[in-house]
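Report on the following structure.
Every number for a ligand or one of its atoms is a count from 1 in the order of the listing. It should be emphasised that the depicted structure is a prediction, and the values quoted were computed from it without experimental measurement.
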Amino acid sequence: MKIGVLISGTGRTLKNLIDLAEQKLLYGRVQCVVAHESDVPGLKYASEAEIPHTWGFRNVFPFLESHSVDLVVLAGWLKFLEIPPKWTNRVMNIHPSLIPSFCGKGMYGHYVHEAVIASGVKVSGCTVHFVDNEYDHGPIILQRPVTVHDEDTSDVLAARVFEEEKYAYPQAINMYAKGQLEVINRRVKFKYCATQPLD
Ligand code: GRF
């Protein structure tokens, strides 16, 4: 499966996917990368791995299609992306909270974890979801929880959540690649899971 990755930040998620693909732990490979602007730090991982890349936030889908991408993965992408109808349920995002809490426009990065801590909730986590045309809103694929400790700073909590992201995103991508995800009425059903263990 050919994966197009969209980035706006450090590229840790991109790097994780590149490494897992190299280790044959990802059912696909990173085919191309788009950054929303030219100086996005994570672009260095695309360069190092000699993965075709570009920057800009217009005409993203024509670029992805020119690289025959099957699945688009938002990896810290911060621009609103309008999803063309034929890409419905073929674009995934990961958000560093348990959607529908602490998400939506303006809720990204440290803002999320600061809001979580300020609220006093005991549990946070990450959510992988398909992207629709509302912020952090599409059908939820996977969630992994983490405990919020009294002494947590937003940086400490962010690091704990990111450790879970490193498992959640590849797992969701692999399930997609194996045809195990089915979206029915905004609900993602896992097909075949009773008989086919995930790896
Ligand atoms: C993570 O918080 C993720 O949940 C969000 O972007 C952050 C990762 O960005 N979507 P990066 O991979 O470090 O650039």
Side-chain angles (χ1 to χ4, degrees), residues 3-22 25-26 28 30-49 51 53-57 60 71-81 83 91-118 121 123-148 152-173 176:
I3 303 169
V5 180
L6 274 54
I7 60 171
S8 294
T10 63
R12 294 171 302 162
T13 310
L14 168 64
K15 176 76 171 112
N16 185 39
L17 296 178
I18 292 170
D19 289 348
L20 290 173
E22 254 172 37
L25 294 172
L26 196 70
V30 179
Q31 184 76 3
C32 62
V33 174
V34 181
H36 83 278
E37 59 186 15
S38 61
D39 58 355
V40 165
L43 276 175
K44 69 171 183 286
Y45 295 121
S47 301
E48 282 169 15
I51 295 169
H53 52 278
T54 188
W55 60 270
F57 54 90
V60 169
L71 175 71
V72 178
V73 166
L74 308 193
W77 172 264
L78 291 178
K79 287 280 175 188
F80 182 78
L81 189 68
I83 310 298
V91 182
M92 284 184 191
N93 182 41
I94 191 160
H95 182 77
S97 76
L98 296 176
I99 288 174
S101 294
F102 309 106
C103 61
K105 193 168 174 10
M107 205 46 115
Y108 61 90
H110 65 96
Y111 296 112
V112 176
H113 305 295
E114 284 164 4
V116 166
I117 290 168
V121 295
V123 177
S124 188
C126 62
T127 303
V128 183
H129 64 97
F130 285 117
V131 177
D132 64 11
N133 284 319
E134 287 181 46
Y135 281 103
D136 303 328
H137 176 265
I140 291 172
I141 303 166
L142 287 179
Q143 296 185 298
R144 286 178 72 100
V146 304
T147 300
V148 181
D152 276 349
T153 62
S154 62
D155 284 348
V156 168
L157 179 58
R160 191 177 306 125
V161 170
F162 191 73
E163 286 306 304
E164 299 306 315
E165 293 188 26
K166 291 195 300 195
Y167 293 98
Y169 225 172
Q171 187 179 11
I173 291 167
Y176 179 91

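- Taking CG from Leu25 and CG from Leu17, the interatomic distance works out to 11.5 Å, rounded to the nearest 0.5 Å.
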*Give the C-alpha distance, both sets of side-chain angles, the deciding distance and a yes or no for side chain to side chain contact (heavy atoms under 4.5 Å, CB included) between Val131 and Asp136.*
CA-CA 7 Å; Val131 177; Asp136 303 328; over 6 Å; no
Tabulate below the donor-acceptor pairs under 3.5 Å that side-chain atoms of residues 34-42 make, not counting sequence neighbours, or state none.
| from | atom 1 | to | atom 2 | distance (Å) |
| --- | --- | --- | --- | --- |
| His36 | ND1 | Ser8 | OG | 3.0 |

Using a 3.5 Å cut-off on N/O to N/O, what pairs does ligand 1 make with the protein? A line per pair would be great.
| from | atom 1 | to | atom 2 | distance (Å) |
| --- | --- | --- | --- | --- |
| ligand 1 | 4 (O) | Pro96 | N | 3.4 |
| ligand 1 | 4 (O) | Glu165 | OE1 | 3.1 |
| ligand 1 | 4 (O) | Glu165 | OE2 | 2.9 |
| ligand 1 | 10 (N) | Ile94 | O | 2.7 |
| ligand 1 | 12 (O) | Arg12 | N | 3.1 |
| ligand 1 | 12 (O) | Thr13 | N | 2.8 |
| ligand 1 | 12 (O) | Thr13 | OG1 | 2.7 |
| ligand 1 | 13 (O) | Thr10 | OG1 | 2.5 |
| ligand 1 | 13 (O) | Arg12 | NE | 2.7 |
| ligand 1 | 13 (O) | Arg12 | NH2 | 3.3 |
| ligand 1 | 14 (O) | Thr10 | N | 3.0 |
| ligand 1 | 14 (O) | Thr10 | OG1 | 3.4 |
| ligand 1 | 14 (O) | Gly11 | N | 2.8 |

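- Glu163 and Lys166 are joined by a salt bridge, as a carboxylate oxygen and a charged side-chain nitrogen come within less than 4.0 angstrom of each other.
- Side-chain contact between Ile94 and Leu74 is absent, with no heavy-atom pair separated by less than 4.5 Å.
- A side-chain donor-acceptor contact under 3.5 Å links Ser97 and His95.
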